[in-house]
Amino acid sequence: MNRTRLTLAAVTGIAAIFTMTGMAVATLRTPTAATIVTAVPEPTDTTWPLNLPAAADPTPTTQPPPGTPAPYVQPFADQPGTKDLTPQPSPTTPVKMPAFADGCNHAYGNRNQCVPLKFPPGTTDKCTWLKKHGFKNLTVQGKDNHLLDRNGNHTACDG
Amino acid sequence: MTSAPPRPLFSGANRVRIAQVLVLTLVLVVLVPGRSSAGANLLANGGLEAVDSTGFPLCWEKSGWGDSTHTFEVSKTAPHGGANAMKVTVAAITNGDRKAMMLENPSCAPNVTPGHQYDASVWYKSTTANTVLTIFRHDAAQGWTYWTDLATLPVANAWTKKTVRTPVVPPGTDQVAWGVTIYGAGTLQTDDYTFIDATENTPGTACSAGAACTKGAWQVMPFNSPVRAIHTVVLKNGDVLLVAGSGNDPDAFAQGTFKTSVYHPRTGTFTTVPTPADLFCSGHVQLSDGRVLIMGGNKDYPAADASHGYKGLRDSYIFDPATSAYTRVNDMSAGSWYPSATVMGNGDVISLGGLGEDSSGTVATQYFNAAQQRWLSLGEAKQTWNFWGLYPSMILMQDGRLFYSGSHVFGNGTPGTGASIYNYGTEAITPVGGLQRKDERDQSMSVLLPPAQDQRVLTIGGGNIDSNPDANRLTDIIDLKQANPVYQPGPLLPSGTMTGGVPQTATQGKMYVSTVLLPDGKVFETGGGLHNRADPVYEASMFDPVTNTFNAGMATDPVPRTYHSSAFLLPDGRVMAVGDNPGDGSFDMRISVYSPPYLFKGARPQITSLTGTQWAYGSTNTIKVDGPITRAALIRPEAVTHSSDPNQRFVDLPMTVNGNTIGLNLTSNPNLAPPGWYMLFALGTNGVPSVAEWVHVG
């Protein structure tokens, strides 16, 4: 008994059934349109350098030596139908960020410390919360937004 | 005394019964479809001999995509075996590929068993190295889907056999189909395909370590870190760079006291490194030669009266592990406090976001040219003028674009939050949807899930230091293989306990979380806190990318790990954790080390030899091991701070197995494994990883 022949006979028969019933599958994986190239925004702020060399491209400019495969890249995440974000113009004003970007109110403490800008949900007594979290001798050096310096001696939670 | 005649080994009846069993076994092997048995070729018409009415081999199809001039031919000229071979000629190609593929139908595609591994073999001749053996799988839920690329086939003028072992077949898979792709001009001939079950027997994993068998175990080191280890980088020699700069200590800043130390895990010792500037709040990434590029840092702390905020340095340095010294390179084009740092497929580095010298948001795209060893000037780099926030997690995709995962640090509704895909080459930014609560992903952590070839990203937890809600339990997973990738909600983070063992509520999760890729392909998540620099959460779990589930209840680090904490993989397969900087201004200098459960399950496989440590893309690299292994992978050493390391990745190395000699097939795509030093791990059949060998890619 020749296993190969048997297998081939079975395959041929089944394939014939598929062909007759139109079930044969012939898929071509087709990619979608290439990413849309957007115009390079021109600097408009005179503080930014102008007329500089062309921008660098991450694609290597040298060809690989013979026998070295080119990178095989799959056509994933083409994002068909997705609109690019509108390009930003060269900034003329800075992107303003809060001085206390770290979420700490640096008007309190010795600058190593971090009294939160906002206390966690459920906090009913800020001084109790601070004590529980290890804050001691907490100075008040700036604006007392949390109203922790009730006696005005520039020390929080002592009166 | 007469001796009895020699007794036959088998009686006549025995011989008949044996013959019956043999015939029955043979019939069953031949006739029963879909059953994997060692040695049996599971492919229909692997020799390409049976053809249909058009003359094309039965059970095969012409497949491919893109713009090319190509032909498929059933060649009768000197096939490897039988009368036919497949010849695909690509005369010219703009993009895409072509391949002869097994028909993806129940009749032709080989049946497989989840948990098994298979050896795919093909005889071939090729005039181009632009070939790759690609495999698809049929998933019960998703239907036919791309699985992975297994190996590049080198140029061969004579018939050459290539065999490569699949990864372990994922759950839900019942069939696979594969073929050899040609994606460059040339001629590829193939013949005599085989697909054989090569599953190794799994030995018993007797473990006598009690809870550590399933939860792992932590050990707090008997010594402290000499510096506030806010930035940590695993070096190519296995040491760990610990960078504090001023260490979030304004007094140290005022005194100009900046610190760095190198930790030597093998000896438990430290080397002090002179630190030229306040590298606190910098970005960092390993260059292709293993040196570490440090960018930006802290130019000033905020004023108590809020007249100014944190300010970013433009300084940049390279740390060399060979000399344990920093060398200054040219300044960046803008100040960078909390900048991102992503190494590209060509070894260059792109840095985005952060705060500038005047505390405003840095909108410059900053580009480090590795060949020139310098930062390009503002006009030399392509600009979008987009603000990306602070420490935006920018993960390199397989096509060279950057995926902004939405994981970031600080900010509340800051412009640029949310996920997107950024193409440096075209300067296009396209939004990506689906990320839950995008403004509460402060100090969440994103990680490219194993393997990198699968192109999926997991984002875990997060909070908001400004509005200070309870940190969340959300996870989001995105599959960047999809045409239009969108985040999908993942499983909720397991709940942990707070100080004193108080259980978390059902909605409480954590920020300041660390995710660490492990050599067995799982993701260990550990550490974290509930609020802005307060309320540590004691919880750790193991995420399995195959099942998209958390295995909850891993052992928890006894040391709180909230703000300014990090965890990372050591070359010996353990996980090291450092740092904790709560609001009271203290800093926990303790070091803890986690031994995952796999370290309690038996002997470790040994990589007994390595033919070389310099690996080219698309190459097969030979190692020898002392016993069977199921998987090998490269893990890029971490460079992490503030729950951000977008360069962490696990690159599968499909195996060509010949006993204990293993060929490891490296991808041809540098975007999947950017050039640099990697930790090579081999995984034994007992699930235990080897200690890493260091290899250089690219």
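Just so we're on the same page: letters track the sequence lines, and every chain starts at 1.
- Remark: side-chain polar atoms of B:Gln398 are paired, donor with acceptor, to backbone N or O of A:Gln74 under 3.5 angstrom.
- Using a 4.5 Å cut-off between heavy atoms, B:Ala252 makes no contact with chain A at all.
- Only the side chain of B:Asp149 comes within contact range of chain A, with heavy atoms under 4.5 Å apart.
- More than 12 heavy atoms of other residues, nucleotides or ligands lie within 6.0 Å of NE2 in B:His308, so this atom counts as buried by the packing criterion.
- Of the residues considered (B:Ser467, B:Pro154, B:Ser619, B:Gly356), B:Ser467 shows the highest number of contacts with chain A, using heavy-atom pairs under 4.5 Å.
- No part of B:Asp442 comes within reach of chain A, as not one of its non-hydrogen atoms sits under 4.5 angstrom from that chain.
- Heavy atoms of B:Asp479 lying under 4.5 Å from chain A are absent altogether.
- Heavy atoms of B:Leu355 lying under 4.5 Å from chain A belong exclusively to its side chain.
- Here NZ of A:Lys143 is found 12.0 Å from CG of B:Asp305. Values are rounded to the nearest 0.5 Å.
- The greatest number of non-hydrogen atom pairs below 4.5 Å with chain A, out of B:Phe387, B:Tyr301, B:Tyr338, is found for B:Phe387.
- From A:Cys114, atom SG reaches atom CD1 of B:Ile465 across 8.0 Å, with rounding to the nearest 0.5 Å.
- Of the atoms belonging to B:Asp466, heavy atoms from both backbone and side chain fall under 4.5 Å from chain A.
- Ranking B:Gly618, B:Gly309, B:Pro250 against chain A, the residue ahead of the rest is B:Pro250, based on heavy-atom pairs under 4.5 Å.
- Using a 4.5 Å cut-off between heavy atoms, A:Lys83 touches chain B through its backbone atoms (N, CA, C, O) alone.
- Proximity to chain A (any heavy atom under 4.5 Å) is shown, for B:Pro582, by neither the backbone nor the side chain.
- Using modelled atom types, no side-chain atom of A:Tyr72 and backbone atom of B:Thr152 make a donor-acceptor pair closer than 3.5 Å.
- With rounding to the nearest 0.5 Å, the separation of CG in A:Asn112 from CG in B:Asn581 is 8.0 Å.
- With a 4.5 Å cut-off on non-hydrogen atoms, B:Thr414 touches chain A through its side chain but not through its backbone.
- Interface remark: B:Tyr617 contributes backbone atoms only to the contact with chain A (heavy atom separation under 4.5 Å).
- Using a 4.5 Å cut-off between heavy atoms, B:Tyr146 touches chain A through its side chain atoms alone.
- Here A:Gln113 contributes atom CD and B:Asp584 contributes atom CG; the two are 7.0 Å apart, rounded to the nearest 0.5 Å.
- Within the 4.5 angstrom heavy-atom criterion, no atom of B:Thr128 approaches chain A.
- For B:His531, the part lying near chain A is the side chain, with the backbone staying farther off; criterion is any non-hydrogen pair under 4.5 Å.
- Under the 4.5 Å side-chain criterion, counting only non-hydrogen atoms from C-beta, B:Asn484 is in contact with A:Pro80.
- Within residues 95-104 of chain A, the residues that have a heavy atom under 4.5 Å from a heavy atom of chain B are A:Val95, A:Met97, A:Ala99, A:Phe100, A:Ala101, A:Asp102, A:Gly103, A:Cys104, listed by number.
- B:Thr430 OG1 to A:Leu85 CG: the interatomic distance, rounded to the nearest 0.5 Å, is 7.5 Å.
- Residue B:Ala306 touches chain A through both its backbone and its side chain, counting heavy-atom pairs closer than 4.5 Å.
- Heavy atoms closer than 4.5 Å to chain A are found in the side chain of B:Ile421, but not in its backbone.
- Top candidate by heavy-atom pairs under 4.5 Å with chain A, chosen from B:Asn532, B:Val155, B:Thr667, B:Asn671, is B:Asn532.
- Contacts from residues 116-123 of chain A to chain B, taken as heavy-atom pairs separated by less than 4.5 Å, involve A:Pro116, A:Leu117, A:Lys118, A:Phe119, A:Pro120, A:Pro121 in sequence order.
- A:Pro69 has its side chain out of reach of B:Thr131: every pair of non-hydrogen atoms, C-beta onward, lies at least 4.5 Å apart.
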